[in-house]
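What follows is a short report on a single structure.
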Amino acid sequence: MASCSHPSQLISLVYDNELDEARHYVAASQIADCPACSHRMQLLEHTHEALCQTLDEEVSRLDFSDFWPRIEQGMAAQPPSPASQWAHRFRPWRMQWHAPLSWHIPVWATTVGLCLFAAAVSTQLPTSRGAVHIQTARKPALVALNNQAQIESLSATSAVLVWNEPTSNATVIWVDETPGEKLP
Amino acid sequence: MEVSDWELVRRCKQDDRQAFQELVERYQRKAVAIALGMLHDREDALEVAQEAFTKVFTSIGKFKEESSFYTWLYRIIVNLSIDRQRQRSRRSLFERHQSRGEDDEDWIESIPDTQGLDPSDQVAERELGQHIRAAIDELTPAHKAVILLRAVKGLSYEEISQVLQCSRGTVMSRLHYARKKLQKRLGHDL
């Protein structure tokens, strides 16, 4: 047999139809023009045909009449998995509700969407209020700029004592709303 | 119109045994052919194929339908066949010799009925069958699998790579090597 420089794997690719149309055309032309490649291609075809024929004939001689019953026996012998047990229990329920539920999918989807939106809005509101509250709570820092503070929540009966510590420059404010209670 | 594999698989997932029976009948011959090619024993091949279908039924709920049904089925058959081969190879030398003799007889009995052919053609057919069997026997399980998947079902390289869970390049290389070896072994028979 004459040898050639064409890679032998190319013949397999052409034979198995694994090249795109353009490459297949080029490679097939090369093989047709090269006696060594044509011979290899023929060998490939014969090997494939002989193998397929042998297997097909062997299988055609087998008796498949008992095939399915034996599989059924094997299936019956298998212990059911916990998941399949649950699936079996819920099957009648699923079959009963599958059709009505599938008809109303848009309605269900809209309802669930609205509920989620409402839940999201309701969880956001306290957070935004909290944010305002935090900002308000920080404002006394500004009040201290001119060393003035106003306590609005004090009632007329509350007693207030302001004490300043000159060494540490700390100011302590005692507020007592209990009438008659002595301040320190 | 034939019901698609997808539809049958979907019905199997709902515990529909009739759909499963249809799938079995659709693929039983191809499944047995692959197992037979791997094992070269009719009883073993039928058992492996039946075991594979039983496995398919019990685990069909886990099948994700990302690949086609038959690539999944063939993967199970190839794996079970390789396991069966390993079990066989662990058997004692005595048993192996005895079994091999029986297998050979089994195979010869199963050679196609060649009535009507010229006696010299009959001999040639028988010889070719025996030679092919011997040639396949010499291949490694990985090479056997790749050449059988290509020959029996005509799977593409991509599909074979899905069945064997290897790259397309590996499929190409294994197929090339397996064919070369078969051609070399069959020699003048071709």
Side-chain angles (χ1 to χ4, degrees), chain A residues 1 7-13 15-19 39-92 94-95 98, chain B residues 13-15 17 20-21 24-25 28-30 32-34 36-37 40 42 45-47 49-59 61-62 107 109-113 125 128-133 135-136 147-148 150-152 154 156-158 168 172-173 175-176 179-180 182-183 186 189-190:
Chain A
M1 186 183 74
S8 56
Q9 283 197 334
L10 189 69
I11 299 164
S12 291
L13 290 171
Y15 181 71
D16 294 328
N17 207 16
E18 288 286 335
L19 294 172
H39 180 73
R40 281 186 205 154
M41 182 65 114
Q42 273 185 341
L43 270 179
L44 200 57
E45 282 168 1
H46 290 159
T47 312
H48 187 80
E49 279 165 17
L51 182 61
C52 290
Q53 196 185 341
T54 307
L55 283 169
D56 281 352
E57 283 167 354
E58 173 69 359
V59 172
S60 70
R61 290 183 158 259
L62 292 175
D63 180 16
F64 281 90
S65 60
D66 200 28
F67 195 78
W68 170 248
R70 282 172 75 173
I71 291 173
E72 268 192 314
Q73 280 174 11
M75 282 154 58
Q78 292 282 324
S81 66
S84 69
Q85 279 178 334
W86 279 105
H88 190 72
R89 275 181 210 168
F90 281 105
R91 194 175 168 222
R94 203 176 63 227
M95 298 301 277
H98 179 72
Chain B
K13 285 182 175 181
Q14 292 172 354
D15 213 17
R17 291 204 171 199
F20 185 61
Q21 188 177 357
V24 169
E25 282 165 4
Q28 61 188 14
R29 286 181 178 275
K30 301 281 183 192
V32 170
I34 291 168
L36 190 62
H40 288 148
R42 283 188 284 181
L46 283 167
E47 272 178 30
Q50 281 158 351
E51 196 183 334
F53 279 115
T54 309
K55 268 199 166 182
V56 162
F57 185 77
T58 51
S59 52
K62 293 174 197 164
W107 178 268
E109 275 173 21
S110 72
I111 295 293
D113 185 5
E125 287 272 332
L128 182 62
Q130 283 173 316
H131 290 172
I132 286 176
R133 191 236 171 161
I136 292 175
I147 204 160
L148 288 166
R150 180 69 204 159
V152 173
S156 68
Y157 291 4
E158 189 59 44
R168 198 169 166 272
M172 206 185 297
S173 152
L175 193 56
H176 181 73
R179 279 170 170 166
K180 277 243 171 201
L182 277 185
Q183 284 166 10
L186 295 172
D189 293 319
L190 294 171

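Only heavy atoms go into these numbers, but all of them, side chains included; no hydrogens, no water, no symmetry mates. So you know, we letter chains A, B, ... as the sequences are listed, proteins then strands, and number each from 1.
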[X] versus chain A, the contacting section by heavy-atom distance below 4.5 Å:
X      : value
B:R168 : side chain
B:A49  : both
B:Y157 : both
B:K180 : side chain

Heavy-atom pair with the smallest gap, counting every atom of [X] and [Y]:
X      : Y     : answer
B:R29  : A:S60 : NH1-CA, 4.0 Å
B:A151 : A:C52 : O-SG, 3.3 Å
B:R150 : A:H48 : O-CE1, 3.9 Å
B:L36  : A:V59 : CD2-CG2, 4.2 Å
B:S173 : A:Q9  : CA-NE2, 4.0 Å

Of the backbone (N, CA, C, O) and the side chain (C-beta and beyond), which part of A:D66 lies under 4.5 Å from a heavy atom of chain B, both, or neither?
backbone

Contacting moiety of A:L44, where chain B heavy atoms sit under 4.5 Å:
both

Between B:R17, B:K55, B:E25, B:E47, who has the most heavy-atom pairs with chain A when the cutoff is under 4.5 Å?
B:R17

Scored by heavy-atom pairs under 4.5 Å with chain A, the best of B:V152, B:L148, B:L46, B:L175 is B:L46

How long is the span from the [atom1] atom in [X] to the [atom2] atom in [Y], to the nearest 0.5 Å?
X     : Y      : atom1 : atom2 : result
A:T54 : B:I132 : OG1   : CD1   : 3.5 Å
A:Q73 : B:T54  : CD    : OG1   : 10.0 Å
A:L10 : B:H176 : CG    : NE2   : 11.0 Å
A:I71 : B:F57  : CD1   : CZ    : 11.0 Å
B:Q21 : A:E72  : CD    : CD    : 6.5 Å

Which residues pass the side chain to side chain donor-acceptor pair (under 3.5 Å) test with A:D63, not counting sequence neighbours?
A:S65

Should A:F67 and B:V32 count as side-chain neighbours, where that means a heavy-atom distance under 4.5 Å?
yes

Would you indicate whether the side-chain heavy atoms of A:L51 and B:I136 approach each other to under 4.5 Å?
yes

For A:R70, check salt bridge (Lys or Arg N to Asp or Glu O under 4.0 Å) against everything at least two apart and list the hits.
none

Verdict with supporting geometry, B:M172 and A:D16, side chain to side chain contact (heavy atoms under 4.5 Å, CB included):
CA-CA 10 Å; B:M172 206 185 297; A:D16 294 328; over 6 Å; no

Starting from the C-alpha separation in whole Å, work towards a yes-or-no answer on side chain to side chain contact (heavy atoms under 4.5 Å, CB included) for A:E58 and B:R42.
CA-CA 9 Å; A:E58 173 69 359; B:R42 283 188 284 181; 3.1 Å; yes

